[in-house]
Amino acid sequence: MTENNPKNEEKRSLNFIEEIIEEDIRTGKNNSRVHTRFPPEPNGYLHIGHAKSICLNFGLGKKYNGKTNLRFDDTNPVKEDIEYVDSIMEDVRWLGFDWEDRLFYASDYFEQLYEYALILIRKGKAFVCDMSAEEIAETRGAPTRPGTESPYRNRTVEENLELFTKMRAGVFPDGSKVLRAKIGMNSPNMHMRDPVLYRIIHATHHRTGDKWCIYPMYDFAHGQSDSIERITHSICTLEFEVHRPLYDWFIKEIGIYAPRQIEFARLNLSYTVMSKRKLLELVKEGYVSGWDDPRMPTICGLRRRGYTPESIRNFADIIGVAKRDNVIDVSLLEFCVREDLNKRADRRMAVLNPLKVIIDNYPDGPGEEMEAINNPEDETKGKRKIPFSRELFIEQEDFMEDPPAKFFRLAPGREVRLKYAYIVRCENFIKDSETGKITEVHCTYDPMTKSGMPNSSRKVKGTLHWVSAQYAIRAEVRLYERLFNKENPDDMPEGQSYKDCINPESLHLVNGFIEPAAENSQVLDKYQFERIGYFSVDKDSSPQNLIFNRVVSLKDSWTKMEKVK
RNA sequence: UGACCCAUGGUGUAAAGGCAGCACAAGAGAUUUUGGUUCUCUCGGUCCAGGUUCGAAUCCUGGUGGGUCAACCA
């Protein structure tokens with residue numbers, strides 16, 4: 001197929017799921033149709049691990065000219081909420097995927113699922129059990145030891161039918177009865193030991209309201225839902241591998257269409273936790289400001305931080321899909337967003353830790369306007385003007401009283417280029433005698449070195465960014481670091497938890513200055529602050545009070561060099 | 001002391017019995033009005049032991065190591 005087409009198909013290797021799908025297409029299985037689905041439970045916010053699954057499922061649908069459904073597996077009303085449904089849809093759309101008219105809910109199938117249960121009961125393959133949850137757990141045995149059969153296991157079909165009908169009718173209280181499959185109690189696979197199919201929960205469901213008081217277990221809903229939707233390839237994570245025999249059993253006993261389940265290894269990220277429970281704890285216990293805190297690995301957190309959908313999709317693509325456990329280095333995610341933003345983010349000059357610079361031989365007054373390139377990687381982004389004046393701010397780190405040889409920045413007697421402006425020489429500086437802090441640097445400029453002028457290209461070692469003290473606007477800048485200090489927060493010494501390696505320095509607030517061109521920035525606008533990093537306008541930002549989130553810093557070989565020492 | 005799954009550079013991921021490749025990370029250099037970008041180069045890998053084969057990362061057997069499974073959660 002691609003063999004005669006070497007031009008556009010550079011023979012990209014297939015992952016193991018694509019190999020299975022292509023084999024199924026080749027052999028004409030399902031009439032060579034490909035239909036996948038993304039099946040979240042609406043009980044929490046989506047994170048980067050879900051993004052992997054979303055990109056995989058929707059990506060496969062697209063690649064093989066198939067379809068991908070969004071289906072909410074909403075079988076537990078006490079844990080689920082419409083808030084989560086909405087956020088999940090928003091996140092999937094933001095990532096750039098479209099389920100078109102195929103938005104489904106497992107709760108759409110409650111009536112059908114109930115019928116399936118009836119089929120099993122009539123076949124003598126399911127029974128109503130009166131044991132408590134504790135009793136069921138105790139009699140289930142252990143992986144190395146068989147369980148014991150429920151005393152209610154041999155009720156007649158008629159009795160089971162009547163009891164199950166009454167369960168639905170609401171005559172029994174929560175927890176008093178369940179419907180169980182009748183498979184056996186000694187399978188080495190715990191999921192096959194007479195698993196619970198239905199439980200009684202008198203709770204209002206976010207979609208079906210109070211219509212039902214019995215709800216199917218996930219295991220009894222998930223596989224059949226895929227079957228109902230004619231999913232060809234049910235892609236899920238590794239921990240559901242042991243559930244597959246059960247799904248297959250249901251499909252076979254009920255006698256319905258069988259999707260093929262394929263399991264892949266979930267994403268783990270270094271310096272991050274990914275479980276819903278832990279993420280929820282971080283929010284509830286106030287370690288972060290909310291689900292969309294820019295330090296969270298949630299999709300909404302990454303969005304607020306300033307990650308782009310393109311960078312996340314590319315990340316999902318690059319990390320690949322396989323069955324072996326993996327921990328992806330966060331630096332790969334950071335690489336992806338840098339790569340994307342380098343091409344698209346306009347450059348701006350901003351000073352985060354201001355140090356006043358006075359150009360002694362520059363006239364006091366309105367100053368002049370300098371021309372700056374918006375994005376050197378993209379000429380179509382054009383140019384802008386930046387005001388220059390006698391008093392400026394530069395970064396404190398860009399001046400040293402007594403610098404090492406390799407310091408290419410400002411120091412007494414040294415020259416640097418002020419980007420898009422002049423070459424200046426440091427003549428002297430003022431130091432606070434009590435604190436030892438440098439408070440002001442005095443320079444002279446060379447008028448012949450104005451950027452763009454014929455004689456301007458004299459070589460100097462360093463180029464600094466700057467803003468005009470007169471014209472710059474104030475901005476709050478939120479600098480984020482990793483939320484955890486340990487590479488694997490899930491693997492802590494005895495007696496400690498992931499919370500013990502939370503990085504207390506994960507957020508630094510600074511008040512800086514930015515060039516006036518950033519004045520009308522809108523929420524989620526992205527910039528590269530020259531020489532610093534990529535920044536995104538926070539949702540709390542307003543024209544009166546600009547707030548920027550640092551998405552990621554620029555690669556920095558200078559501080560790296562310093563650290564080695 | 002069970003069943004199932006997995007094992008390739010530091011981290012990911014390719015190689016369908018035939019040259020172990022790519023990306024990130026790390027290191028060196030070139031270019032640069034961003035110590036950014038770009039470019040060049042370097043470092044570094046098939047868990048172990050047998051077997052099959054002209055030939056094994058790949059197939060077989062046995063180890064070892066890791067993961068998953070015992071909610072009326074999903």
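Chain letters run A, B, ... following the sequence lines, proteins first, then strands; residues in each count from 1.
- Within 4.0 Å (heavy atoms only), A:Glu530 reaches at least one base atom of the nucleic acid.
- Between A:Phe408 atom CZ and B:G36 atom P there is a gap of 11 Å when expressed in whole angstrom units.
- Residue-environment remark: CD (A:Glu379) stays at or below the threshold of 12 foreign heavy atoms within 6.0 Å.
- Within 4.0 Å (heavy atoms only), A:Phe335 reaches sugar-phosphate atoms of the nucleic acid but no base atom.
- One donor-acceptor pair, N or O on each side, does fall under 3.5 Å between the base of B:G36 and the side chain of A:Glu377.
- Looking at RNA chain B, the stems built from 3 or more consecutive Watson-Crick or G-U wobble pairs, each pair with its key distances under 3.5 Å, are B:2-7 with B:64-69, B:10-13 with B:21-24, B:26-30 with B:38-42, B:47-51 with B:59-63.
- Nucleotides B:C22 and B:G65 place their P atoms 34 Å apart, quoted to the nearest Å.
- Between the P atom of B:G36 and the NZ atom of A:Lys343 lies a distance of 19 Å, rounded to the nearest Å.
- Comparing B:C19 with B:A25, their C1' atoms are spaced 26 Å from each other, to the whole Å.
- Spacing between B:C5 and B:C24 at atom P, rounded to whole Å, works out to 35 Å.
- Between A:Arg266 and B:U68 there is no side-chain N or O to OP1 or OP2 distance below 4.0 Å.
- Distance A:Met192 CE to B:C4 P: 14 Å, rounded to the nearest Å.
- A donor-acceptor contact under 3.5 angstrom links the side chains of A:Asn43 and A:Glu41, judged on distance only.
- Between the CZ atom of A:Phe264 and the C1' atom of B:G12 there is a distance of 15 Å, given to the nearest Å.
- The side chain of A:Lys459 contributes an N or O atom lying less than 4.0 Å from OP1 or OP2 of B:U33.
- Counting atom types as modelled, A:Arg531 pairs no side-chain N or O with a base atom of B:U34 as donor and acceptor under 3.5 Å.
- Comparing B:U13, B:U33, B:G36 by their closest approach to the side chain of A:Ser557 singles out B:G36.
- As judged by a 4.0 angstrom heavy-atom cut-off over every strand, A:Tyr215 is placed among residues making no nucleic acid contact.
- Using a 90° window around 0 for the glycosidic torsion, B:A71 falls inside it and is classed as syn.
- Separation of the P atoms belonging to B:C47 and B:U8 is 6 Å when rounded to the nearest angstrom.
- Looking only at atom types and distance, the side chain of A:Tyr45 has a donor-acceptor partner in the side chain of A:Glu83 under 3.5 Å away.
- Across all strands shown, A:Gln528 has heavy atoms under 4.0 Å from base atoms, whether or not it also approaches the sugar-phosphate.
- Contact of A:Arg338 with B:U37 (side chain to base): no donor-acceptor pair of N or O atoms is detected under 3.5 Å.
- Spacing of P atoms, B:A57 relative to B:G51, comes out at 15 Å, to the nearest Å.
- A cation-pi arrangement is absent between A:Arg155 and A:Phe127 under the rule of less than 6.0 angstrom and at most 45 degrees off the ring axis.
- Residue A:Ile328 has its side chain nearest to B:G12 when only B:G12, B:C24, B:A15 are considered.
- With hydrogens and angles ignored, a donor-acceptor pair under 3.5 angstrom links the side chain of A:Arg409 to the base of B:G35.
- Of the residues near RNA chain B, A:Glu19 and A:Lys419, the one whose nearest nucleotide (by heavy atom distance) lies more toward the 5' end is A:Glu19.
- By the salt bridge (Lys or Arg N to Asp or Glu O under 4.0 Å) test, A:Lys343 is found to be paired with no residue, residues two or more places apart in sequence or in another chain being considered.
- Atoms CG (A:Asn342) and P (B:C39) sit 11 Å apart, rounded to a whole Å.
- Closest to the A:Thr463 side chain, of the nucleotides B:U34, B:G12, B:U11, is B:U34.
- Contact annotation for A:Ile319: backbone-only contact, meaning every heavy-atom pair under 4.0 Å involves sugar-phosphate atoms and none involves a base.
- Between the CG atom of A:Asp491 and the P atom of B:G66 there is a distance of 12 Å, rounded to whole Å.
- A donor-acceptor contact closer than 3.5 angstrom links the side chains of A:Thr380 and A:Asp378.
- Each of A:Arg324 and A:Leu418 was assigned the nucleotide of RNA chain B with the nearest heavy atom; the assignment lying further toward the 5' end belongs to A:Arg324.
- Nucleic acid contact class of A:Gly452 (heavy atoms, under 4.0 Å, all strands): base.
- Taking the P atoms as reference points, B:U42 lies 34 Å from B:G50, given to the whole Å.
- Here the two rings, on A:Phe72 and A:Tyr84, have centers that are 6.0 Å apart or farther.
- Straight-line distance from the CD atom of A:Glu415 to the P atom of B:U33: 15 Å, rounded to whole Å.
- At the phosphate of B:A26, OP1 or OP2 sits under 4.0 Å from a side-chain N or O atom of A:Lys560.
- A:Phe407 comes within contact range of at least one nucleobase, with a heavy-atom separation under 4.0 Å.
- Distance check on atom P: B:C4 versus B:G62 gives 12 Å, rounded to whole Å.
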> Going 5' to 3' along nucleotides 69-74 of chain B, which nucleotides have protein heavy atoms under 4.0 Å from the base (write B), which only from the sugar-phosphate (write S), and which from neither (write -)?
Replying inline: SB-BSB
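- With A:Tyr114 as the aromatic partner, A:Arg168 meets the cation-pi criteria of under 6.0 angstrom to the ring centre and within 45 degrees of the ring axis.
- Here, B:G9 and B:A14 have their C1' atoms 14 Å apart, quoted to the whole Å.
- Between A:Phe264 and A:Phe16, the ring centre distance reaches or exceeds 6.0 Å.
- Neither side chain, A:Asn374 nor A:Arg347, offers a donor N or O lying under 3.5 Å from an acceptor on the other.
- Around atom CE of A:Met448, no more than 12 heavy atoms belonging to other residues, nucleotides or ligands sit under 6.0 Å away.
- The residue A:Val321 sits close only to the backbone: its heavy atoms come under 4.0 Å of sugar-phosphate atoms, none of a base.
- For A:Asp317 and B:A14, the CG to C1' distance is 14 Å, given to the nearest whole Å.
- Phosphate contact (OP1/OP2 of B:U68, side-chain N/O of A:Lys323, threshold under 4.0 Å): absent.
- Within a 6.0 Å radius of NZ in A:Lys486, other residues, nucleotides and ligands contribute 12 heavy atoms or fewer.
- Counting atom types as modelled, A:Thr144 pairs no side-chain N or O with a base atom of B:U1 as donor and acceptor under 3.5 Å.
- The environment of CZ in A:Arg384 is crowded: more than 12 heavy-atom neighbours from other residues, nucleotides or ligands sit within 6.0 Å.
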